[in-house]
Amino acid sequence: MITEEIIDQTLEKFEDQTIDTEKAAIEFAQRQPGLFSLLTDENEGILSEDEQFFLLYLGVVIFNIVDKVMPGLPTVSVEEIAAVEEVNWGIMDQTAGQPFNQRLDPFFENYEEEDLLAFVEDALSSEVENEDGDLVSLSPEGVEPMFVMLKTAIDVLTKQES
């Protein structure tokens, strides 16, 4: 199980540049090409450029956190990713019409990686810095697919069942 302490330690390393974000993104792309593709290819027209950048950053952070706890992660297949993503969209669709944070409640029920999922929820519920260092808000239309994609990444990397 991934603890809040491990998440915070990893975030600190990204923030103080002990972990180089660009190099970490390249390693992520090489070791998990299907997940990298999920976080970069499907989003044209759905997410703003800032949202796409932030989604990839969060994906890289999640990969590094999970890799620290579970080193030697096997490469996840595109088929496995698609199947898990479909399940996660099904859960999200069941709560349509509710406020975003309430829509996430079913994802937390009996979920082993609750701290990591809470990290994602918190990250998507706040303003973020873009590449230029300016604060930007995430759009209501953007946070839902971002959450589903990041939840899917956590699931397949940690082999969680939804």
Side-chain angles (χ1 to χ4, degrees), residues 1-14 18-95 100 103-125 128 138 141-162:
M1 188 164 143
I2 297 168
T3 64
E4 193 174 332
E5 182 181 3
I6 293 167
I7 296 165
D8 291 343
Q9 289 171 356
T10 305
L11 281 173
E12 275 182 35
K13 289 179 180 180
F14 274 96
T18 303
I19 297 176
D20 180 287
T21 304
E22 193 172 317
K23 287 180 182 173
I26 291 168
E27 180 181 0
F28 176 48
Q30 291 171 339
R31 292 185 49 205
Q32 296 294 339
L35 273 179
F36 186 83
S37 178
L38 170 73
L39 301 178
T40 57
D41 294 350
E42 287 186 9
N43 313 317
E44 300 253 342
I46 298 171
L47 303 178
S48 70
E49 189 175 314
D50 290 334
E51 290 169 334
Q52 288 178 323
F53 174 79
F54 190 55
L55 175 65
L56 180 58
Y57 171 75
L58 291 175
V60 170
V61 169
I62 288 167
F63 171 74
N64 273 267
I65 290 168
V66 175
D67 191 49
K68 179 178 181 176
V69 175
M70 304 170 189
L73 293 168
T75 302
V76 182
S77 73
V78 173
E79 295 79 16
E80 185 178 356
I81 295 166
V84 172
E85 185 181 27
E86 187 176 327
V87 169
N88 284 328
W89 273 116
I91 294 168
M92 184 65 82
D93 290 343
Q94 291 174 359
T95 59
F100 178 69
R103 295 187 74 190
L104 304 185
D105 290 346
F107 291 101
F108 284 91
E109 291 174 15
N110 302 314
Y111 194 67
E112 189 172 319
E113 298 303 341
E114 187 174 336
D115 287 346
L116 195 51
L117 198 57
F119 158 70
V120 169
E121 179 183 19
D122 291 346
L124 297 179
S125 299
V128 299
L138 302 174
E141 302 80 24
V143 294
E144 186 176 297
M146 291 171 74
F147 180 85
V148 169
M149 286 184 268
L150 293 167
K151 167 73 166 54
T152 299
I154 294 168
D155 291 348
V156 296
L157 288 172
T158 63
K159 303 295 185 201
Q160 293 293 303
E161 299 291 325
S162 289

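In this text, all values refer to a predicted model and were calculated from it rather than measured experimentally.
Heavy-atom minimum distance, Val66 versus Ile2: CG2-CD1, 3.7 Å. Residues Leu138 and Ala123 share a closest heavy-atom pair of CD1-O, 4.1 Å. Contact detail for Ala24 and Val60: the closest heavy-atom pair is CB-CG1, 3.5 Å. What you find for Ala153 and Leu35 is that their closest heavy atoms are CA-CD2, 3.8 Å. Considering every non-hydrogen atom in both Asp67 and Gly72, the closest pair reads OD1-N, 3.7 Å. Met149 and Leu39 get closest at one heavy-atom pair: CB-CD2, 3.8 Å.
Applying the side chain to side chain contact (heavy atoms under 4.5 Å, CB included) test between Lys23 and each of Asp20, Ile26, Thr21, Ile19 identifies Asp20 as the sole match.
Looking only at side-chain heavy atoms (C-beta outward), Leu56 and Thr40 come within less than 4.5 Å of each other. Taking 4.5 Å as the limit, every side-chain heavy atom of Met146 sits out of range of all side-chain heavy atoms of Gln52. When side chains are defined from C-beta on, Phe108 counts as touching Glu121, because their heavy atoms get closer than 4.5 Å. In this structure the side chain of Phe119 never reaches within 4.5 angstrom of the side chain of Thr10, judged on heavy atoms. Contact check for Pro33 versus Thr75: side-chain heavy atoms found under the 4.5 Å cut-off. You'll find the side chain of Phe107 reaches within 4.5 Å of the side chain of Met92, heavy atoms only. Residues Gln32 and Leu73 meet the side-chain proximity criterion, which asks for heavy atoms closer than 4.5 Å. When side chains are defined from C-beta on, Glu112 does not count as touching Thr158, because their heavy atoms never get closer than 4.5 Å.
Between Phe28 and Phe63, the angle of the ring planes lies from 30° to 60°, which puts this pair in the tilted group.
Rounding to the nearest 0.5 Å places CD1 of Ile81 at 12.0 Å from CG of Asn88. Here CG of Leu11 is found 5.5 Å from CD1 of Ile65. Values are rounded to the nearest 0.5 Å. The distance from atom CG of Asp50 to atom CG of Leu55, rounded to the nearest 0.5 Å, is 12.5 Å. Leu116 CG to Asp155 CG: the interatomic distance, rounded to the nearest 0.5 Å, is 10.0 Å. Between the OG atom of Ser125 and the CG atom of Leu104 there is a distance of 7.5 Å, given to the nearest 0.5 Å. Rounded to the nearest 0.5 Å, atoms CG (Asn64) and CD1 (Ile7) are 13.0 Å apart.
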Could you please spell out the steps behind the side-chain contact (heavy atoms from CB on, under 4.5 Å) verdict for Tyr111 and Ile154?
-> CA-CA 11 Å; Tyr111 194 67; Ile154 294 168; 3.1 Å; yes

Are Val120 and Ile62 close enough, and set up right, to give a side-chain contact (heavy atoms from CB on, under 4.5 Å), and what steps lead you there?
-> CA-CA 9 Å; Val120 169; Ile62 288 167; 3.7 Å; yes

Begin from the C-alpha positions of Val148 and Ile91 and carry the test side-chain contact (heavy atoms from CB on, under 4.5 Å) through to its verdict.
-> CA-CA 9 Å; Val148 169; Ile91 294 168; over 6 Å; no

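Every residue two or more places apart in sequence or in another chain was checked for a salt bridge (Lys or Arg N to Asp or Glu O under 4.0 Å) with Glu114, and none qualifies. Applying the side chain to side chain donor-acceptor pair (under 3.5 Å) test to Gln94 and every residue at least two apart in sequence or in another chain returns nothing.
Heavy-atom neighbours of Gln9 CD from other residues, nucleotides or ligands within 6.0 Å: above the threshold of 12.
Ion pairing between Lys151 and Glu85 fails under the 4.0 Å rule for side-chain N and carboxylate O. We find that Lys159 and Glu80 are joined by a salt bridge, their nearest charged nitrogen and carboxylate oxygen being less than 4.0 Å apart.
Within the structure, no pair that satisfies the ring-ring contact (aromatic ring centres under 6.0 Å, His included) test touches residues 68-92, not counting sequence neighbours.
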